[in-house]
Amino acid sequence: MNKRTMMKTKTIKRMTLLISLLLLSMMAFSLVAFGTNGDFPLVMDDSYLLTDEEYEALVDHLQAISDKHDFDVVVVTTASTGGRSAEEFAADWFEAYEFGRGKNDGCILLLATDDRDFGFAALGYGNTAFTNYGQDYFGNFYLPYLKQDRYFEAFMSYGDGVDEFLRMAKAGTPYDKGNIPGEEEPEPTSKRGIFGAISVAISALIAKITTGSWKSQLKGVRSERGARKYVRQGSLNLTEQKDVFLYRNLNSIVIPKKTESTQGHSFTTSKGSKATGHKGKY
Amino acid sequence: MGIQEFKCPNCGGAIKFDSAEQKLVCPYCDTVMDVDALKALDDSLSKEIKSEAVDWGYEQEEWLGDDGQAMALYSCKSCGGEIIGDETLGATSCPFCGNPVLMPSKFSGSLKPDLVLPFKTSKDQALKALKDYYLGKKLLPAVFKDKNRLEEIKGVYVPFWLFDAEAHASIEYQGKAEKSWADSAKQHTETSHYRIIREGTLTFDKVPVDGSEAVDDDLMESLEPFDFSEAVDFQTAYLAGYFANKYDVSFEESQVRADERMKVSAEEEFARTVDSYDDIDVTRSFIDIKNGKVSYALLPVWLLSTKWQDQTYTFAMNGQTGKFVGDLPLDKSLSRKYFFGIFGGAAAVLLVISQLIATFM
């Protein structure tokens with residue numbers, strides 16, 4: 001089944017869902033991949049950012065990771081979040097379509113293309129695997145691709161990131177402060193040494209400035225530069241005063257963009273579930 | 001050339017100028033005389049002295065002291081003691097009887113000062129000012145504060161040249177005016193360049209330059225300003241009880257310094273008229289000092305000197321305003337102690353704080 005056919009099928013399914021989930025569940029589909037509820041695919045590309053081939057490859061990739069960890073890994077693209085916070089909108093989407101395995105285990109990456117917003121939410125075991133601090137590092141997996149509109153690479157890499165984060169969490173060492181690749185926590189000893197050296201330097205400066213000001217008190221003889229005290233008041237008489245414009249030049253400097261932070265935070269979904277996530281612009 | 005003493009018309013004692021009373025006072029019978037009232041007496045005495053010039057003039061042949069300076073010999077009219085002074089000496093006190101002695105010839109004819117600014121502060125005030133000057137100076141050697149070290153204190157009328165002049169300036173500047181704004185991607189800075197021309201005049205009144213070789217120029221400039229609105233026409237009587245020298249630096253030599261100071265201030269004043277720019281550079285400056293008028297004045301200065309570790313320290317107090325200046329010695333070992341004390345104290349506190357921060361970070 002190609003992508004276009006599948007989208008049509010999805011629309012029908014959503015309409016049918018409103019009438020009767022029961023009827024929908026009885027329909028036989030041979031779609032490539034669905035969430036654990038078996039009703040909706042792990043990739044919902046409403047904004048048509050992926051080609052058919054990319055779509056199928058991504059679904060396969062995410063399905064494999066989801067099955068490996070028993071953890072739904074979902075990607076959604078839509079036009080807008082309707083003014084809601086992207087990560088909360090993503091979490092509600094996750095629950096509305098009944099994703100999640102076991103204790104609601106899973107995560108979702110949602111793109112709202114109108115305003116180039118993205119939101120990530122993780123529920124269930126995702127609260128353990130995706131620490132607030134670790135999510136800043138997690139953003140490195142997909143954000144650079146999103147900024148270049150390389151959506152397929154972004155989503156594939158997102159899947160790899162989820163795989164990696166779940167692996168680390170299961171090993172008892174989730175990515176968190178002090179356990180982020182390339183972000184070595186300074187040894188307490190060296191930190192103390194640096195702080196100590198700075199303290200000594202500041203102390204020397206304080207001593208130098210203080211004794212320097214006391215030394216200057218001993219010097220009272222100074223020659224006068226000018227004779228301002230002897231200018232007759234109001235005697236300045238300007239006989240010529242010209243300001244001639246010569247030329248103008250313009251210098252423009254590109255404002256460096258702030259480094260995007262995707263550090264996460266915890267929140268509660270509309271259905272009351274505990275979730276963690278982050279949002280941003282791409 | 002003779003010497004002059006102002007005698008009390010009541011008891012015949014030598015009278016002195018009193019800075020507090022601003023009058024001549026006899027220290028023996030407390031007679032008080034107005035300076036103006038004494039002017040007639042001053043004139044008559046001068047005439048009388050001229051007639052006695054043969055008896056009291058300094059030696060006709062010029063002789064030189066060790067430093068090659070022309071010296072002169074005077075005789076005190078009160079006790080007959082011989083006073084040796086340099087050729088510029090105009091007023092002093094007799095080292096034998098303490099009477100104030102004046103040499104009117106040093107301040108007569110073409111050498112007569114145009115103005116004198118009378119002393120308004122006393123010797124006691126100068127001594128108190130010196131004590132006060134030591135206060136709060138942490139690095140001053142404690143032994144230096146001992147007033148017994150004071151070697152000499154004297155009220156001196158220092159000869160000054162006062163220059164009135166107009167500075168004619170023609171100055172060009174390069175000015176920059178910047179305007180900055182930003183959009184979503186870039187920060188823009190637009191710089192407009194201007195050629196700025198200012199021409200005009202600025203008038204200076206009585207810029208003082210000391211006319212004595214013996215007195216340090218920087219020390220005298222440190223005493224400024226003097227308020228010349230209180231200056232009066234010169235009368236010899238004002239010098240009674242003080243030291244005074246005639247000038248030995250000509251006004252032509254002194255004018256160089258006056259011009260220098262006036263040019264600096266003229267540039268500063270004209271630069272203030274160029275205030276609507278973010279940055280200005282002077283590209284051309286021509287300042288001519290014109291319409292100059294010079295006057296010769298005696299200005300009141302208390303000079304104090306102390307000796308410490310074979311070095312003489314000279315202080316000065318403006319005899320009119322009481323402003324006190326001078327360089328003091330540095331106690332190097334105390335300076336080192338303070339440095340290491342402050343360093344140690346600050347380091348102890350900062351190290352504790354920084355280590356606590358490092359631990360909990």
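Just so it is clear: chains get the letters A, B, ... in the order the sequence lines come, proteins before strands, and each one is counted from 1. Since the structure is predicted, the reported quantities are computational estimates derived from the model, not experimental observations.
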Requested in this report: Kindly give the heavy-atom pair with the smallest separation between A:Gly226 and B:Arg261, and that separation in Å.
Outcome: O-NE, 2.8 Å
Query raised in the report: Ignoring hydrogens and geometry, is there a side-chain-to-backbone donor-acceptor pair from A:Asn237 to B:Thr201 under 3.5 Å?
Result: no
Report summary line: Comparing B:Leu351, B:Asp164, B:Val325 against chain A, the one with the most heavy-atom pairs below 4.5 Å turns out to be B:Leu351
Query raised in the report: Highest number of heavy-atom pairs under 4.5 Å with chain A: which of B:Glu221, B:Glu199, B:Glu166?
Result: B:Glu199
Query raised in the report: Do the side chain of A:Gln241 and the main chain of B:Ile197 share a donor and acceptor less than 3.5 angstrom apart?
Result: no
Report summary line: Per-residue tally against chain A (heavy atom, under 4.5 Å) across B:Gly175, B:Ala167, B:Ser170, B:Pro208 peaks at B:Pro208
**Report entry** Atom CD of A:Glu240 with >12 non-hydrogen neighbours under 6.0 angstrom
**Finding:** yes
Report task. Look at B:Asp205, B:Asp217, B:Leu202, B:Leu328 and state which one has the largest set of heavy-atom pairs under 4.5 Å with chain A. Result -> B:Asp205
Query raised in the report: Side chain, backbone, both or neither: which part of A:Lys219 has an atom under 4.5 Å from a heavy atom of chain B?
Result: both
Requested in this report: Find the distance between CD (A:Glu224) and CZ (B:Arg257) and round it off to the nearest 0.5 Å.
Outcome: 8.5 Å
Query raised in the report: CZ/B:Phe204 to CZ/A:Arg228 distance, rounded to the nearest 0.5 angstrom?
Result: 10.5 Å
Query - Exercise: identify the closest heavy-atom pair between A:Ser203 and B:Ala346 - result: OG-C, 3.3 Å
Requested in this report: Could you tell me whether the side chain of A:Val200 reaches within less than 4.5 Å of the side chain of B:Phe343, counting heavy atoms only?
Outcome: yes
Query raised in the report: Contact part of B:Asp183 toward chain A, heavy-atom cut-off under 4.5 Å: side chain, backbone, both or neither?
Result: backbone
Query raised in the report: Roughly how far, to the nearest 0.5 Å, is the NZ atom of A:Lys215 from the OH atom of B:Tyr338?
Result: 13.5 Å
Query raised in the report: Side chain, backbone, both or neither: which part of B:Arg272 has an atom under 4.5 Å from a heavy atom of chain A?
Result: side chain
Requested in this report: Flag the pair B:His188 / A:Leu250 as yes when at least one side-chain heavy-atom distance between them is below 4.5 Å, and no otherwise.
Outcome: yes
Query - A:Lys208, NZ: over 12 other non-hydrogen atoms inside 6.0 angstrom - result: no
Requested in this report: Could you look at B:Lys137 and say if it's the side chain, the backbone, both or neither that has a heavy atom under 4.5 Å from chain A?
Outcome: both
Query raised in the report: Can you tell me how far the NZ atom of B:Lys337 sits from the OG1 atom of A:Thr211, to the nearest 0.5 Å?
Result: 15.0 Å
Report task. Verify salt bridge (charged side-chain N to carboxylate O under 4.0 Å, His left out) between B:Glu268 and A:Arg225, making sure each step is shown before the conclusion. Result -> CA-CA 11 Å; B:Glu268 287 172 352; A:Arg225 269 192 81 243; 2.5 Å; yes
**Report entry** chain A interface, residue from B:Met262, B:Lys263, B:Glu190 that has the most non-hydrogen pairs under 4.5 Å
**Finding:** B:Glu190
Report summary line: Interatomic distance, OG1@A:Thr239 vs CZ@B:Arg198, rounded to 0.5 Å, equals 11.0 Å
**Report entry** Residue, of B:Leu140, B:Leu350, B:Thr203, that accumulates the most heavy atom pairs under 4.5 Å with chain A
**Finding:** B:Thr203
Query - CZ/B:Arg195: more than 12 non-hydrogen atoms of other groups inside 6.0 Å - result: no
Query raised in the report: Ignoring hydrogens and geometry, is there a side-chain-to-backbone donor-acceptor pair from A:Ser223 to B:Asp218 under 3.5 Å?
Result: no
Requested in this report: Mind running side chain to side chain donor-acceptor pair (under 3.5 Å) on B:Ser192 and A:Arg248 for me, showing each step along the way?
Outcome: CA-CA 4 Å; B:Ser192 300; A:Arg248 182 176 288 136; 3.2 Å; yes
**Report entry** Contact class of B:Phe324 relative to chain A, heavy atoms under 4.5 angstrom
**Finding:** neither
Report summary line: Between A:Asp243 and the options B:Tyr173, B:Tyr194, B:Tyr277, the side chain to side chain donor-acceptor pair (under 3.5 Å) test singles out B:Tyr277
**Report entry** Residues A:Ser199 and B:Ser354: side-chain donor-acceptor under 3.5 angstrom
**Finding:** yes
Requested in this report: Determine the option with the most heavy-atom pairs under 4.5 angstrom with chain B, choosing from A:Ile206, A:Leu205, A:Asn249, A:Val231.
Outcome: A:Asn249
**Report entry** Part of B:Gln174 lying under 4.5 Å from any heavy atom of chain A
**Finding:** side chain
Report task. Please round to the nearest 0.5 Å and tell me the distance separating atom CG of B:Asp331 and atom CG of A:Leu218. Result -> 9.5 Å
Query raised in the report: Would you call the rings of A:Tyr230 and B:Phe228 parallel, tilted or perpendicular if under 30° counts as parallel and over 60° as perpendicular?
Result: tilted
Query raised in the report: Under a 4.5 Å cut-off applied to non-hydrogen side-chain atoms, are B:Thr273 and A:Leu236 in contact?
Result: yes
